[in-house]
Student: 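Here it is: the structure, laid out below.
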Protein chains: 2
Amino acid sequence: MTMVLRSDDMRRRNRLTIMQIVRRRKEISRSEIAQAAALSPATVSTITSDLISEGVLISQTGENPAGTGRGRPSVGLSMNPEFRYAVLLILKTGAVNVAIVDYAGAVVAQQDFRLEMTSITQPEFRSKLTAEIRQTWSASGLDHGLLARISVGIQGVTGSGGRRMLWSPITPLTEVPIGDWLRDEFGVPVRLANDCDLIARALHVREPEIYHENFAAILLAHGVGMGLFLRGQIVNGTRSSGTEFGHMMYMPDGALCRCGSRGCIEAYAGDYALIRSYSGQIDDCPPPPRVEPAEVDRVAEAARSGDVRAVRTFDAAGRAIGSGLAGMFALVDPFRIVLVGHGAEAFDLMEDAIRRTLKNCNAMSAEDIPIDLFPEELPLILEGCGIDALTEIDAAQADQVGEPVRT
Amino acid sequence: MTMVLRSDDMRRRNRLTIMQIVRRRKEISRSEIAQAAALSPATVSTITSDLISEGVLISQTGENPAGTGRGRPSVGLSMNPEFRYAVLLILKTGAVNVAIVDYAGAVVAQQDFRLEMTSITQPEFRSKLTAEIRQTWSASGLDHGLLARISVGIQGVTGSGGRRMLWSPITPLTEVPIGDWLRDEFGVPVRLANDCDLIARALHVREPEIYHENFAAILLAHGVGMGLFLRGQIVNGTRSSGTEFGHMMYMPDGALCRCGSRGCIEAYAGDYALIRSYSGQIDDCPPPPRVEPAEVDRVAEAARSGDVRAVRTFDAAGRAIGSGLAGMFALVDPFRIVLVGHGAEAFDLMEDAIRRTLKNCNAMSAEDIPIDLFPEELPLILEGCGIDALTEIDAAQADQVGEPVRT
DNA sequence: ACTCTTTAATTCGAGCCTCAAAAAAAATCG
DNA sequence: CGATTTTTTTTGAGGCTCGAATTAAAGAGT
């Protein structure tokens, strides 16, 4: 049911609307905001002047392109980069990536740490993460009070409203309360998110025209994951996070998957599955914890030069992916697909199998859905992580209607 | 992005909130409304007095239960049943069900018409439907101007924002603009909806505690359909309506489905599939257009008394359903399932296969999800259809902030 | 029978918020 | 240098919700 509105809810929402507009447009004048938001210039003037005095926005007093014509020149407003900063933490297999973004979204510091997590205790894990963040922060020379939020991107399953990592392929640890650790250490809100969800969010804001209402970003890497937008909103699991596309059943009693089950899509389309299939290992072989991307590229090269076994390997992967897509498209009508990760580089070897399978699986109208490719997942994950952090900071600030003008 | 708020949007939304509260609670006093809506008594007083003078609400001046204690007795407010009326149209195989509901949701008239639609032209179809609605309406003796809306529930796929029936098993016609026909004939807004979506909506309001955030209503009848709620919102197809659970792929190159494809879940779990399988027909037999429910009941009886072929038939149906559920549960975490329609009466024969398949298909956490049974679908469809109509009338009325007090 | 108490509903003034219109500001054009 | 044009700010009006005070309508007590 729709929530009731009090008078200052209106102000809160309009503040947020304006902040979102400025964030999206980078630099925009008050009168353009008024038009974009369908608010009167008077209201925009009041609200922006509040936001400026709070330090959220700044006027771009710098040189305006001039010569734009007669009349009083418009003055551009932007997010104030120095208003707040967020720490982004990306956990990968064997490594941790720490970045600091300013309030305008620019990465102002970034450090990579190797961190072997295959045999680590929770306390060690906690102190390592904490130390790495502290080091990156102090190296940046930023004031301690400017940290507003930490967002964490992980492979695997998050839960409890983004406060804990329930399970991840990067470590045998489960139920790891990373969110609580970092909140306690740094005293700011923390949220964990699934990497594929972050990729989808990044695409959503990067190309809003294309990735708007309904689309899925499928990450083809060691494992297979998905971030799904329906009706302009991300679809998370109901209990945990992440839509587990890679673990939809493709072949009952089929190949052994990393998750312990058999016949998952991932067990045919994940990196390890490709290598396993190409090298002629039996499908029951337990998957290796890590495969060099270059190995996959070699198989792809082999396939392109006609190696039958390599061709069959990618064909099987394509059929598995196509079958999963067909299942989704039966539930919801077909939508645009984005393949992300270096597995997307082998799309030429899988496209035919994917589309053939879609056709065979009652998704004939989906046979020619657009499929886009983004071989590099890391920039997208980082971008999505930043979007997550800044969006939340915005929301919190929009609610602070009043004068708290924290220094 | 969140829409901007003007001052009277606030009033509109609060009007709607109050109307929804009164509708849900049937009869409720102003002070209880204030509490439920988190609005001040002053505001509730203003708004309800508007709504009463518009004829939307009435005070239940009648005998109050008295003896409720000291103090000024509260006066109950209710939806005014005579404010507006809606026509509900349910299209079934070979029959049309016309009902009239008053603004409080009570069915005040209902007529069934036989209508053979297997070989009908669009103009005939239009005039039949129109005539049947007119007849039911005039038999009710209601004033012509009190008709506010028509809602249509159909098996099959609707499109164009609920204005046309794209495809339905009840007729070979396609792209039938029923919505436009009825709007032109009766001059009121019309919307078509999928029967399974209506069932899900009915459950959603009938038992909000249980069917709240995430659940699916699966209709097991001649065909197999689904209405799906995620995060408290119904999930429609992105282009058409209805989530086509029944046509998810279960067995590549499997049994022939009514839809022309092979291996759909429906081709194993629909009525016609059960009969076909039990009677030993080959899976390639084109499905009959209609099967008597009693026939299915006979097969179920046979299974219960140990007939191996009947047992296998239901087991296969259960596996197909379980496989579809597992696919959904991989995408979104497990949620409550409701089986609707007389197929639900054979749940005892399918439960084991369903749960076994869930377990085998990587949905181990879903093995013991709750599954509820509602063997009678028609009351639910009718209820959902009424909810659809009244909800829209409410929304339109809430927007009419002003004095139009139409007589 | 009358007053006191209790609870519900209404009325009234204050405080926000947005908006339209007017005014001010800051540029270009002639 | 004044006229024109466009942006931004200021001002006053109108709506909405809210808290507090008031009125309404019952039961309880003497």
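So you know, we letter chains A, B, ... as the sequences are listed, proteins then strands, and number each from 1. Computed from a predicted model, the values in this text were never measured in an experiment.
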Student: Look at Glu213(B) together with Arg336(B) and state whether they make a salt bridge at an N to O cut-off of under 4.0 Å.
Tutor: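 Between Arg336(B) and Glu213(B) there is no salt bridge, as every charged N stays at least 4.0 Å from the carboxylate O atoms.
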Student: Take Ala42(A) and Ser49(B), find for each the nucleotide of DNA chain C with the closest heavy atom, and name the residue whose nucleotide sits nearer the 5' end.
Tutor: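 Between the two, 5'-proximity favours Ser49(B).
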Student: For Phe215(A), check ring pair (Phe, Tyr, Trp, His ring centres under 6.0 Å) against everything at least two apart and list the hits.
Tutor: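 Phe215(A): ring pair (Phe, Tyr, Trp, His ring centres under 6.0 Å) contacts with Tyr211(A), Phe229(A).
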Student: Where the side chain of Val401(A) is defined as all heavy atoms beyond and including C-beta, which of dT7(D), dT10(C), dC17(C) is the nearest nucleotide?
Tutor: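 The closest nucleotide is dC17(C).
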Student: Closest to the Pro73(A) side chain: dA26(C), dC17(C), dG19(D)?
Tutor: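 The answer is dA26(C), which lies nearest to the side chain.
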Student: Would you sort out whether Thr17(B) and Gln20(B) count as a side-chain hydrogen bond (donor to acceptor under 3.5 Å, both in side chains), showing the intermediate values?
Tutor: CA-CA 5 Å; Thr17(B) 303; Gln20(B) 287 171 333; 4.9 Å; no
Student: Taking atom P of dC19(C) as reference, at what distance in whole Å does atom CD1 of Ile33(A) sit?
Tutor: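 Taking CD1 of Ile33(A) and P of dC19(C), I get 14 Å after rounding.
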Student: In whole angstroms, how far is the P atom of dT18(C) from the CZ atom of Arg12(A)?
Tutor: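 So the two atoms are 12 Å apart, to the nearest Å.
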Student: Heavy-atom distance under 4.5 Å between the side chains of Gln397(B) and Arg84(B), does that happen here?
Tutor: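 Gln397(B) reaches Arg84(B) side chain to side chain.
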Student: Side chain of Arg72(A) only, please: which of dT23(D), dT7(D), dT18(C) is the nearest?
Tutor: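 Of the candidates, dT7(D) comes closest.
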Student: Would you kindly give the CD-to-P distance between Gln35(B) and dT7(C), to the nearest whole Å?
Tutor: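 Result: 13 Å.
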Student: With no hydrogens and no angle check, just 3.5 Å: does a side-chain donor-acceptor pair link Asp394(A) and Tyr103(A)?
Tutor: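 On atom types as modelled, these side chains qualify, holding a pair under 3.5 Å.
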Student: With a 4.0 Å cutoff (strictly under), does any side-chain N or O of Thr43(B) reach OP1 or OP2 of dC18(D)?
Tutor: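 For dC18(D), OP1 or OP2 has a side-chain N or O of Thr43(B) closer than 4.0 Å.
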Student: Can you check whether Asn14(B) has a side-chain N or O nearer than 4.0 Å to OP1 or OP2 of dT17(D)?
Tutor: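 So the side chain of Asn14(B) is within the cut-off, an N or O lying under 4.0 Å from OP1 or OP2 of dT17(D).
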Student: For Gly71(A) and Ser40(A), take the nucleotide of DNA chain C holding the closest heavy atom to each; which residue's nucleotide lies nearer the 5' end?
Tutor: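 Taking each residue's closest nucleotide, the earlier one in sequence belongs to Ser40(A).
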Student: Compare the minimum distances between each of dT17(D), dA9(C), dT8(D) and the side chain of Ile47(B), then state the nucleotide with the smallest one.
Tutor: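 In terms of side-chain proximity for Ile47(B), the closest of dT17(D), dA9(C), dT8(D) is dT17(D).
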Student: Using whole Å, report how far CE of Met10(A) lies from C1' of dC19(C).
Tutor: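 To the nearest whole Å, that distance equals 11 Å.
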Student: Do any side-chain nitrogens or oxygens of Ser31(B) fall under 4.0 Å of OP1 or OP2 in dA9(C)?
Tutor: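 For Ser31(B), the contact criterion (side-chain N or O under 4.0 Å from OP1 or OP2 of dA9(C)) is met.
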Student: Let me know the distance between CD of Gln60(B) and C1' of dA8(C), rounded to the nearest Å.
Tutor: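 My rounded result for the distance is 17 Å.
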Student: Counting side-chain heavy atoms from C-beta on, which of dT10(C), dT7(D), dT18(C) comes nearest to Arg30(B)?
Tutor: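 Selected nucleotide (nearest to the side chain): dT10(C).
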Student: dC17(C), dC19(C), dC29(C): which one has an atom nearest the side-chain heavy atoms of Arg70(A)?
Tutor: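 Closest nucleotide among those given: dC29(C).
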Student: Just the rounded figure in Å: distance from P of dG14(D) to CG of Asp9(B).
Tutor: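 Roughly 20 Å, once rounded to whole Å.
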Student: Between dT8(D), dT18(C), dT10(C), which nucleotide has the shortest distance from any of its atoms to the side chain of Arg11(A)?
Tutor: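 Nearest to the side chain of Arg11(A) among the choices is dT18(C).
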